[in-house]
Structure formats: structure tokens, C-alpha cells
Participant: 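What follows is a single structure, and I will ask about it in a moment.
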Amino acid sequence: MLAFLGEAYSAAYGLVNSMLLRLAFPAEVCLAYFLLETLLPRGPNRNSLGSYGRGAAFAAASIAINTFVLAAATWLIDVDNIKPLAILDLSPLTTSESLPVRVAGWLVAAFAIVMIGNFFYYWLHRAQHRFAWLWRFHRVHHSITEMSATNGYHHFAEDLFQFTAVTVPMAFLLGVATGPVPWLVLTIASTHAYFIHSSANINIGPFRYIMGDNRFHRIHHSLEERHFNRNFATLTPLWDVLFGTAHFPRADEWPKVGLSDTPEPRTMRDYLLMPFRP
């Protein structure tokens with residue numbers, strides 16, 4: 001009995017620590033973007049403090065719930081021990097003694113992971129807009145009318161969909177051995193989802209044709225019918241270009257966002273139960 005209680009305590013302690021770590025990083029990133037969105041707003045209006053508060057609360061709830069849900073999913077499907085059909089080994093580049101080769105290896109590694117992962121996400125995202133039962137969950141995200149890095153939350157169930165449709169297929173099909181990759185590359189990849197929902201006036205110039213930015217992704221959330229079913233990819237617009245769903249906005253194109261037939265959640269109850277309501 002004591003051994004069981006000790007294991008249970010260790011598991012609970014690990015989950016709680018994991019949850020706190022998963023909450024701390026987004027909090028720091030969202031605070032940084034909040035300052036940018038306040039100092040360098042894009043569009044005529046700044047987001048309200050109420051929208052930031054709701055977004056922070058819903059995002060925190062999603063992270064807290066998914067810490068336990070994804071831990072259970074990972075335990076049931078041990079993706080770390082799945083042997084993929086193919087392996088892309090980039091470690092000879094990233095461990096090279098030549099600095100230019102290492103830098104090239106870091107860029108190739110980051111780009112390869114982005115492209116492969118976003119390919120699976122692209123088709124999941126299209127399915128979320130195509131099939132009503134997936135749209136019930138995804139519309140929570142699309143109902144947001146004041147888009148910001150903090151307010152770019154999804155319904156917590158979407159992490160489980162992504163685990164099933166992106167993480168697991170990637171684990172079975174292709175493994176990428178990168179070797180050491182600088183923290184800067186990993187940080188950029190980790191914060192990109194916040195960047196594309198940000199309302200800060202940030203311009204990455206011609207790189208926006210390779211890496212998705214907030215202008216490109218805002219089109220996907222637009223209330224204008226001409227923007228519907230555009231810009232499904234997130235990390236890179238190249239899949240949208242390849243499959244004919246890309247719309248690169250003009251410099252002054254910053255449409256209103258939301259859903260005309262679905263109000264965004266205002267309370268935690270609304271957020272959690274919206275997918276289950278007509």
C-alpha cells in the first residue's frame with residue numbers, strides 16, 4: 001500500500017509540476033505580446049482588457065485540463081518508443097565542426113520539422129472546417145472577435161485532436177533526428193502560435209512567404225466571405241500555396257474577425273460547453 005501511495009504521489013507531483021511549467025511559459029510570452037500589442041497596435045482599435053482576461057482564463061483552463069488528458073494519451077500511445085517507417089537524420093549537419101554547416105543544419109532541421117508537422121495540421125484544419133462534429137469544437141476558436149496572442153485560445157479538446165491527427169501519424173511515418181538545435185530556434189517555433197494571433201504591428205517582410213505571420217492568419221479568421229476557407233496552414237503558408245488555399249493580404253488588409261452566427265464565450269461555462277450546444 002505504501003509503495004502504491006508513493007507512486008501515486010510521484011505521478012501527481014510530476015503532473016502538477018508539468019502543469020505549472022506549461023502555464024509559466026505561455027504567461028511570459030503573452031505578457032510580452034500584450035506589451036507589443038499595446039505599444040504597437042495594428043488596426044484602428046486596441047483590444048479590451050476584458051478580452052485579455054477571458055483569453056488568459058480560458059487558455060489557463062485548457063492547459064490545466066490538457067496536462068492530464070495528454071499525459072493519459074501519451075501513456076496509452078507511447079509515441080516516444082514508436083519506430084517510424086523512415087528517419088531523417090540531420091545530426092551530421094547540426095554536429096559539424098564547420099559553423100556555416102551547423103547553421104545550415106539548424107535551419108534545415110527547423111524547416112523540416114515545420115513543414116512535416118504543418119502538413120498534417122493543414123489537413124486536420126481543413127477537416128475541422130469541413131465536418132460538423134469537428135467544427136463544433138473549432139468554432140470556439142473562430143468565435144473570438146478581439147484577436148490577440150492571449151486571446152487565441154482553442155477549446156481544450158483540440159489538443160487531443162492534434163495529438164491524434166498530427167503527433168501520432170508523424171511518430172509512425174517519419175522520425176527527425178536533429179542533434180542539438182539552438183534554444184532560439186526552439187523558442188521561435190514554440191511562440192509562433194502566439195505570433196500569428198497577435199494584433200501587434202510586426203512586419204517580417206519577405207519572410208512571410210515562408211513563415212506564416214499574423215496578417216496571413218487573420219485572413220483565416222475574417223468575417224468577409226471572400227476570405228472563407230483560406231490560409232489553413234499556420235507555421236508556413238507553403239501548403240496553402242501548394243493546395244490552392246493561400247491568400248496573401250495587402251499591406252492595409254486587416255479584416256474584422258469572428259463568426260456572424262456564433263457569439264464568443266464570455267464565461268468559463270460557455271467556453272467548456274459551447275461544442276455541446278446547438
Participant: Under the rule for ring pair (Phe, Tyr, Trp, His ring centres under 6.0 Å), what residues qualify as partners of F34, not counting sequence neighbours?
Facilitator: Y52
Participant: Give, for atom CD1 of I210 and atom CD1 of I204, the distance between the pair rounded to the nearest 0.5 Å.
Facilitator: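 Rounded to the nearest 0.5 Å, the CD1-CD1 separation comes to 9.0 Å.
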Participant: A side-chain contact here means heavy atoms from C-beta on lying under 4.5 Å apart; do M268 and R54 qualify?
Facilitator: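 A side-chain contact is absent here, since even the closest heavy-atom pair is not under 4.5 Å.
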Participant: Around atom CZ of F172, are there more than 12 heavy atoms of other residues, nucleotides or ligands at under 6.0 Å?
Facilitator: no
Participant: Would you mind checking if E253 and R218 are paired as a salt bridge, meaning a charged N to carboxylate O distance below 4.0 Å?
Facilitator: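 Looking at R218 and E253, the cut-off is not met.
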Participant: Could you work out, with ring pair (Phe, Tyr, Trp, His ring centres under 6.0 Å) as the rule, every residue matching Y153, not counting sequence neighbours?
Facilitator: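 So Y153 forms a ring pair (Phe, Tyr, Trp, His ring centres under 6.0 Å) with F58, Y271.
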Participant: What pairs with F137 under ring pair (Phe, Tyr, Trp, His ring centres under 6.0 Å), at least two apart in sequence or on another chain?
Facilitator: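 In terms of ring pair (Phe, Tyr, Trp, His ring centres under 6.0 Å), with neighbours along the sequence ignored, F137 is linked to H155, F161, F276.
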Participant: Which atom names give the shortest non-hydrogen contact between A56 and T150, and what distance separates them?
Facilitator: N-CG2, 3.6 Å
Participant: With no hydrogens and no angle check, just 3.5 Å: does a side-chain donor-acceptor pair link N118 and T234?
Facilitator: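 Checked: N118/T234 side chains pair up, N/O donor to acceptor below 3.5 Å.
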Participant: If you count the non-hydrogen atoms of other residues, nucleotides and ligands that lie under 6.0 Å from CZ in R277, is the total more than 12?
Facilitator: yes
Participant: Without hydrogens or angle criteria, can the side chains of N231 and D240 be said to hold a donor-acceptor pair below 3.5 Å?
Facilitator: no
Participant: So do I219 and P255 actually touch side chain to side chain, heavy atoms under 4.5 Å?
Facilitator: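 Answer yes - side chains close enough.
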Participant: According to a 4.5 Å side-chain heavy-atom criterion applied to Ile, Leu, Val, Met, Phe, Trp and Tyr, with indirect links allowed, do I144 and F156 form part of one hydrophobic cluster?
Facilitator: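 Yes: a chain of side-chain contacts under 4.5 Å links I144 to F156.
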Participant: Looking only at heavy atoms, what is the nearest atom pair of P265 and M274, with distance?
Facilitator: CD-CE, 3.4 Å
Participant: For the residue pair Q128 and R139, establish whether any side-chain heavy-atom pair is separated by less than 4.5 Å.
Facilitator: no
Participant: Please tell me if the side chains of L173 and F120 come closer than 4.5 Å, counting only heavy atoms from C-beta onward.
Facilitator: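 Yes; the side chains approach each other to less than 4.5 Å.
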Participant: So do L242 and L238 actually touch side chain to side chain, heavy atoms under 4.5 Å?
Facilitator: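 No, too far: nothing below the 4.5 Å cut-off.
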Participant: Is it the case that one hydrophobic cluster holds both V241 and F216, taking links as side-chain heavy atoms less than 4.5 Å apart, direct or via other members?
Facilitator: yes
Participant: Aromatic ring centroids of F243 and W123 under 6.0 Å?
Facilitator: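 Aromatic pair counts; centres sit under 6.0 Å.
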Participant: Got a sec, which residues hit ring pair (Phe, Tyr, Trp, His ring centres under 6.0 Å) with H227, two or more places apart in sequence or on another chain?
Facilitator: H247
Participant: Any sub-3.5 Å donor-acceptor pair from S96's side-chain atoms to P92's backbone N or O?
Facilitator: no
Participant: Is there a continuous path of hydrophobic side-chain contacts, each under 4.5 Å between heavy atoms, that joins Y194 to L35?
Facilitator: no
Participant: Are H220 and H129 close enough that a side-chain donor and a side-chain acceptor fall under 3.5 Å?
Facilitator: yes
Participant: Between V166 and L124, is there a side-chain heavy-atom distance shorter than 4.5 Å?
Facilitator: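 A side-chain contact under 4.5 Å exists here.
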Participant: Identify the heavy atoms of P275 and R136 that sit nearest to each other, and give their distance.
Facilitator: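 That closest heavy-atom pairing would be O-NH1, 3.1 Å.
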Participant: Where the side chain of E264 meets the backbone of G258, is there a donor-acceptor pair that is under 3.5 Å apart?
Facilitator: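 Side chain of E264 to backbone of G258: no pair is present.
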Participant: With rounding to the nearest 0.5 angstrom, report the CG to OG distance, L36 to S199.
Facilitator: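 Answer for the CG-OG pair, L36 versus S199, is 9.5 Å.
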Participant: How about CG on L49, more than 12 heavy atoms from neighbouring residues, nucleotides or ligands closer than 6.0 Å, or not?
Facilitator: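 Open: at most 12 neighbouring heavy atoms sit under 6.0 Å from CG of L49.
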Participant: I'd like to know whether E146 forms a side chain to side chain donor-acceptor pair (under 3.5 Å) with S48, so could you lay out the CA-CA distance, the side-chain angles of the two residues, the decisive distance to 0.1 Å, and finally the verdict.
Facilitator: CA-CA 8 Å; E146 295 181 72; S48 67; 3.1 Å; yes
Participant: Strictly distance-based, threshold 3.5 Å: is any side-chain N or O of N201 a donor or acceptor partner for the main-chain N or O of P41?
Facilitator: no
Participant: Mind telling me whether Y209 and F248 have parallel, tilted or perpendicular rings, with 30° and 60° as the class edges?
Facilitator: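 Correct class here is tilted.
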Participant: With distance as the sole criterion, is a donor-acceptor pair present between the side chains of Y33 and T191 under 3.5 Å?
Facilitator: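 No, no side-chain donor-acceptor contact under 3.5 Å.
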Participant: Rounded at 0.5 Å granularity, tell me how far OG in S51 sits from CZ in R46.
Facilitator: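 Here the interatomic distance stands at 13.0 Å.
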Participant: Sequence neighbours excluded, which residues qualify as side chain to side chain donor-acceptor pair (under 3.5 Å) partners of T164?
Facilitator: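 Per chain and number, T164 pairs via side chain to side chain donor-acceptor pair (under 3.5 Å) with no residue.
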Participant: Would you give the length of the straight line joining atom CZ of R208 to atom CD1 of I202, rounded to the nearest 0.5 angstrom?
Facilitator: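 Between atom CZ of R208 and atom CD1 of I202 there are 14.5 Å.
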Participant: Side chain of S143, backbone of T262: donor and acceptor closer than 3.5 Å?
Facilitator: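 A pair under 3.5 Å: no.
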Participant: Would you compute the distance between atom OG1 of T145 and atom CG of L259 and round it to the nearest 0.5 angstrom?
Facilitator: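 Output value for this atom pair is 10.0 Å.
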Participant: Just jot down the side chain to side chain donor-acceptor pair (under 3.5 Å) partners of R130, sequence neighbours excluded, or say none.
Facilitator: none
Participant: Looking at NE2 of H125 and OH of Y121, how far apart are the two atoms once the value is rounded to the nearest 0.5 Å?
Facilitator: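 Rounded to the nearest 0.5 Å, the NE2-OH separation comes out at 4.5 Å.
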Participant: Going by the angle between their ring planes, with limits at 30° and 60°, are H141 and H197 parallel, tilted or perpendicular?
Facilitator: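 Ring orientation, 0 to 90° scale: perpendicular.
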Participant: Using distance alone, with no hydrogens and no angle criterion, decide if D159 and S62 have a side-chain donor and acceptor under 3.5 Å apart.
Facilitator: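 No, no side-chain donor-acceptor contact under 3.5 Å.
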Participant: Taking the side chain as every heavy atom from C-beta outward, state whether T245 and Y122 have any pair of such atoms under 4.5 Å apart.
Facilitator: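 The answer is yes; the side chains approach within 4.5 Å.
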Participant: Among the clusters formed by ILVMFWY side chains lying less than 4.5 Å apart, do L40 and L31 turn up in the same one?
Facilitator: no
Participant: Please say which of H217, R42, E37 ends up in a side chain to side chain donor-acceptor pair (under 3.5 Å) with S198.
Facilitator: E37
Participant: Any donor and acceptor pair, going by atom type alone, linking the side chain of D213 with main-chain N or O of N203 inside 3.5 Å?
Facilitator: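 No: the side chain of D213 does not pair with the backbone of N203.
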Participant: Mind checking whether H154 and V140 have side chains closer than 4.5 Å, heavy atoms only?
Facilitator: no
